[in-house]
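In what follows, a structure is listed as structure tokens, so that the remarks can point back to it.
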Amino acid sequence: MSSEAKKPQAHSTMPNNKPLFWNDPEKRALFFQALLILAVGGAIWIIVDNTLANLEQRGITTGFDFLSKPAGFGILQSLIEYNEQESYGRTFIVGLLNTLLVSGIGIALATLLGFVIGVARLSHNWLISRLALVYIEIFRNIPLLLQIFFWYFAVLRALPNAKQSLSIGESVFLNIRGLYIPSPVFEAGSSIILIALITGVIASFFVSRWAHKRQDDTGQIFPTTWVNLGLIVGLPVIAFFISGSPVSLEYPELKGFNFRGGITVIPEFLALLVALSIYTAAFIAEIVRSGIQSVHHGQTEAAHALGLPHGRTLKLVIIPQAMRVIIPPLTSQYLNLTKNSSLATAIGYPDLVSVFAGTTLNQTGQAVEIIFITMAVYLLISLLISVFMNWYNKRMSLVER
Amino acid sequence: ATLDTVKERGYLQCGVSTGLPGFSNPDDKGNWQGLDVDVCRAVAAAALGDASKVKYVPLNAKERFTALQSGEIDMLSRNTTWTLTRDTTLGLNFTGVSYYDGQGFMVSKKLGVSSALELDGATVCIQAGTTTELNLADYFRQNNMTYQPVVFDTSDQTVQGFEAGRCDVLTSDQSQLYALRIKLADPSSAMVLPEVISKEPLGPSVRQGDDQWFNLVKWSLFAAVTAEEMGLTSANVDQMKNSDNPDVKRFTGAEGDFGKALGVNNDWAYQIVKQVGNYGEIFERNVGANTPLGIARGLNALWSKGGLQYAPPMR
Amino acid sequence: MSSENYMVQLKNVNKWYGNFHVLKNVNLNVKKGERIVICGPSGSGKSTTIRCINRLEEHHQGEIIVNGITLNNDLKNIESIRRDVGMVFQHFNLFPHLTVLENCCLAPIWVKKVPRREAEATAMRYLEKVKIPDQAKKFPGQLSGGQQQRVAIARALCMNPDVMLFDEPTSALDPEMVKEVLDTMISLAETGMTMLCVTHEMGFAKSVADRVIFMDGGQIVEENEPNEFFNNPQNERTQLFLSQILNH
Amino acid sequence: MSSENYMVQLKNVNKWYGNFHVLKNVNLNVKKGERIVICGPSGSGKSTTIRCINRLEEHHQGEIIVNGITLNNDLKNIESIRRDVGMVFQHFNLFPHLTVLENCCLAPIWVKKVPRREAEATAMRYLEKVKIPDQAKKFPGQLSGGQQQRVAIARALCMNPDVMLFDEPTSALDPEMVKEVLDTMISLAETGMTMLCVTHEMGFAKSVADRVIFMDGGQIVEENEPNEFFNNPQNERTQLFLSQILNH
Amino acid sequence: MEKFKPLPSLPAPVKTTGIIGWLRTNLFSSPLNSVMSLILGYIVLSLLIPAINWAFVKADWFGTSRDACTSGGACWVFITSRFSQFIYGFYPETEYWRVDTTFVVLAASLAWLMINHLPWKKWVSIFAVFVFPFVAYVLLHGGHFGLMEVETHRWGGFMLTLVIAVVGIAAALPLGILLALGRRSQMPVIKSFCVVFIEVWRGVPLITVLFMASVMLPLFVPQDITFDKLLRALIGITLFQSAYMAEVVRGGLQAIPKGQYEAADALGLSYWRSMSMIILPQALKMMIPGIVNTFIALFKDTSLVLIIGLFDLLAIVQAALTDPKWLGFSTEGYVFVALMFWVFCFGMSRYSQHLERKLHTGHKR
Ligand SMILES: Nc1ncnc2c1ncn2[C@@H]1O[C@H](COP(=O)(O)OP(=O)(O)OP(=O)(O)O)[C@@H](O)[C@H]1O
Ligand SMILES: Nc1ncnc2c1ncn2[C@@H]1O[C@H](COP(=O)(O)OP(=O)(O)OP(=O)(O)O)[C@@H](O)[C@H]1O
Ligand SMILES: [Mg+2]
Ligand SMILES: [Mg+2]
């Protein structure tokens, strides 16, 4: 008998004493799906129709022309060049970049803090593990909005005004207006530093590969991390001095009401960042803890019995296995953090919701278009994060099977 | 039409500010008070004969136009500046001016500043989505000064930010500056600078496309001003009703049929004065010299007394 | 013999999982009251065959006729076939949130629309038959594996099926419990129930089966009455299989 | 015999879990190349004894000397002892995220700093010894229990230990697989490796052990060479235990 | 023959038991650990003592105005004198009993369902699901049966927080179940609709949803249809939560072994019968921890309604903070709100952890 027989298309050869329409599951399925399409399509049509009618009747302008009109209002923090004459489209970009900035740094900080707390939670030192527990239980059970208010208003109250700034070596200042740090000013010849930096990065890549190979060949373990750190930091520093310090720092200086010059980190940003990171870190810590605990204790014992020291055991045996458990819930925390950054509007950090779905919406009155754009952007960011994390997860789990 | 909807519903939905002393503010029982609130009540008195039939919808600056556009509220009475853009592209119609205002600055006395022109480089606390934001930008640009805007959602937060020292200056309509100043722990520590950098005619607005409702809201406000011009107050209106003055007779609905023309009872104006008072009473009760805000009539005095409040003749 | 006398009939049945051909031209006729044992190596398609009979799996070619009804896409047909066919699974699949009695009454009440009182009486009768009437109020989690499997048998019987299918009913049980379940099945066989049973319990096959069917690679390799089958297997594949199983 | 000739020496070892006294004055001397089987009822402290030897557990009193090194809190000591002592667990504890070969190479590369190529060659040699060189590229999850345990043995051997500890290496296995693991252990014993093995496989004890140790209640009750131990136990407790085990 | 004489069990050496043993293993097991313990201990104490001082030792508790605060610590007078406003919002004082009754009945029926071994669970749950919502609506809103009407814009404070959270979760659950079933459906259109629906709601921030519900919804419907503002917020929150709920339900459904589906099929039960009688009852039980966690998240998120002008607990405390008579007590106010939220969330998260453990062991059997 031939096992090569191919699967037939559908049920061509099925005996067909045709069942009643209603009793054929396939037709029934088709019917339900058609019904759903009709219902959803109808609902959308009704909504669109109503909206258009309502907009029309109330004489509200529609369309996206407003994006190119001049905005006319100022924004506190902008990563790109922005002034009042720029367009509403530009305010969208400014808001979006601010959102991305705070979410990006927030994700990094929350991950770092979360891992530290999660590991501390498992510490054998009773005090450390209890403190980690207290941290987790406090911060994840209080509404984020409240925490943002706390960090903003309570901390603002605690900081001195501009004239009595806390300062480090007359170059870094902290006061109620924010954190002021010197900004680098690149002069002629400073490109050599950039080149050195790039060289350092490339070199460290090759060092890693060489160290790996050498270990394979000779068994010697090379302190790659430290050497690479040295290369990436050291090379530019050497270049800096050799080329005669072509980069000068612009120090913040108190002029009039405020510090001028340097880089300013506004307190709205700091408060939002701190609140988001601390809040999310509490959740990440729990995820990390349960991830590590999901790795069977026998794994640690086996590694120890083989003579692997504690650090290597963590790095080579425990973490790789824990990551598989950690990544999926971690992804949803990243998504939450990004979405939660929209609470910025409560304390006046100029993020997308505050600038675009706030001021711009109000000046133009085009709620439908603006809210639609805003939601679509958040959706897109969420999707991108998910896609990236899924890819990473797949890579991690590929190692296993 | 909106008027029919309101009558059918039995109450007026009026958009007000989330909390601005003297203009709209809930007291600790949750009852709303203030000049803007009284405008709502006047319209309710005219439309329904009962000034208390109002449901207040507190809105922040960002939500207000969307709420009106969408029909969430019947009218907006929330210290909103009348501008050309708003009248045209937002689909609103302003019905009049309930308060003539101008934008000013409030600074801490400690700062030692006496003129707005000394504010170069200042950090400014401001409310999101207001004409204030635009005026501020224009003013600083025009005078070649720089500034940093710190933008808050509600006036409360703006004051808190100012009080905490987050910014050097708080800018807003002058009326609001007085109102906000009394929210400070120590009101005497702050002062309002003399400069007025813009015209801010504040008034109620309605959706476009419903002229009947537009007329009613417009004339409710005019009625209050007219009452002041005629010397009618809530205390004396019952008595004056019986006078022979044809103007008063028409006003109170004893003669003529203005009410019918507006689609409401003929005693609509009488009800406004009786239940809410004339414009002067409203002003003095909420923001006048004897209130914590202590604002002088100034521009808001009747035209006959050197101000700008001027109602077209009711005839 | 005319096809009306067959309880279950498979004619040239073919089935694929994706591109994997699991059942290859399977033909099988089971008379009323016949007791069939199906055996064969793992992955040979025994479970699939059984599960096609009450349409837990769909077949792609050929015809399956159960109790005179041809299996096709018609939901009515599927429903009525499932009423006529009882099934017992390897892992019992009792409903853990219902008591033993509720497990047994559920289908009679909701599918056959029997009054509750009557359904409970029937259920008790069958629970007595499988010798656990005293456990009626307990939850499955509180019973041993053997008891659970007997409940599963009683549950299937409560629908008064014409055919019973068993898919390795004893293979998830501890050795001590196998016997009590086999005893139940033997007593069931004695009542004249039509049975198809996938099992590797050769003792059971010898004592009750009318026919033993050996499958491999998705096809029926050999079928015979038990004595012949065990003592005189015709096919070399069968021989090999039996030698492994009997030595084990 | 001077203590230098002992591979493992326990002198008056005591250990507590909280207030529970698990090891009571345990004394044990194991010569180079000796093969010891430890048996005893559950909870008698067999695993604990074994695990104290490579310091997976800390002992509280007495002295443990392995290959001339006295176990104490010194991390360097612990590390070097663990290099000398291989251990095989009941549940294999293979690293599921690494292939069989990587499992075997991990410790040689990171602990002994052996070049990868060399480590892999050694690993392959031992995998051949345990008869699964062809599985080298697979992941542990894809192997049967018996194969996994053999990988675990090969993994321990890759460190070239002087002593091997086994903690019930066959008790988690299906009966068919026990034999393949025991065979591996027997062939390992034949190479002269020092072995301490907790097991209840009496056949194994009889055929390879130099000495059988019986523990109960945290103490060594009896120790003897296998023949004597099984046929002529001295202690009544041992007798009882043996009668239970052999009947089983 | 020798007789087996067990050696006496000796007490463990002091250094491994008792307080010393505990300290040694838990705080000072290595030099590094000891240093860390000491430093951390110092930091904790130096933070804790002033905090306790402020909150308890030097605090003032009772009075009617800010003059009662004389001790220099926390001025809880602010909270105690406005407590009923914080709890009931602008609800008329004479009608407080209606709110109390509603929540007592709710708490009682939930407790009844949660405590094991209580009889009539079925009836209680039918009451809770089908009768209670109407009772609650009539009690809280009034306007019928001689009860005074209290419109929703007078609802506020903690009561509003609870209403939003409870209604949100209760309404999201059935929707979530439908979505989850849809997502597991074989029918591609239904499946993709559910997937898109779930992912869209999960991908956008709640405050944009609330904004849309609070001011934009009337744009989407014909002009003569109006909704209550609270109702609209509730619709927005429900849709938002249902997407999260759907994922919880999906997890529960996936935890049901395939055999259960097959057994139900083999008995001839129809799809909806087997779902409602076999699968969902089992899955719901496993979902309870997930539902509780979703509830906690929702409970915390209710504080966002302040952005759309509803006076929940946080908003009403903030409003009180701007009262010129009570300026400067924001710390007390925020601490109070934080504590209220914390107590509830912490309690519930403990409950869900307890359940999770129970279910876990229950399944090992
Ligand atoms: N859902 C499925 N998808 C794809 N392949 C399947 C599926 N179910 C079973 N198979 C494959 O079909 C073949 C036959 O499976 P079946 O369960 O019928 O075998 P069996 O004879 O019952 O074996 P066992 O004795 O192990 O139960 C096997 O190779 C199996 O891997
Ligand atoms: N980490 C621990 N904490 C407390 N008690 C323990 C711990 N580990 C083991 N015990 C107890 O110590 C005693 C000895 O345990 P051990 O594992 O050494 O016994 P065993 O002889 O290996 O038994 P088995 O044959 O069951 O493996 C047992 O009573 C056990 O309950
Ligand atoms: Mg099978
Ligand atoms: Mg043991």
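Computation of the quantities below employed the complete heavy-atom set of this structure, encompassing side-chain atoms and omitting hydrogens, waters and symmetry-equivalent molecules. In the text below, chain A, chain B and the rest are named by the order of the sequence lines, each starting its count at 1. Since we're looking at a predicted model, the values are computed, not measured.
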### Query
Which atoms form the tightest heavy-atom contact between D/E79 and A/G307, and what is the distance?
CG-O, 4.1 Å
### Query
Out of curiosity, D/N54 CG to A/E301 CD, how far, rounded to the nearest 0.5 Å?
9.0 Å
### chain A contacts, top residue of D/K112, D/R51, D/K138 (heavy-atom pairs, under 4.5 Å)
D/R51
### Task
Give a yes or no on this: more than 12 heavy atoms of other residues, nucleotides or ligands lie within 6.0 Å of atom CZ of A/R214.
yes
### Message
So which atom in A/A305 and which in D/F89 form the shortest heavy-atom distance, rounded to 0.1 Å?
### Response
CB-CZ, 4.0 Å
### Query
Which one of D/L94, D/I78, D/V85 has the most heavy-atom pairs closer than 4.5 Å to chain A?
D/L94
### Query
Can you tell me how far CZ of D/R155 sits from CG of A/L306, rounded to the nearest 0.5 angstrom?
5.0 Å
### Query
Donor-acceptor pair, A/H304 side chain versus D/R55 backbone, under 3.5 Å?
no
### Query
Rounded to the nearest 0.5 Å, how far apart are OG1 of A/T313 and CH2 of D/W110?
12.0 Å
### Message
I'd like to verify something: which residue of D/V111, D/I81, D/D84, D/L165 has the highest number of heavy-atom pairs under 4.5 Å with chain A?
### Response
D/V111
### Query
Considering only heavy atoms, which portion of D/L56 lies under 4.5 Å from any heavy atom of chain A: side chain, backbone, both, or neither?
side chain
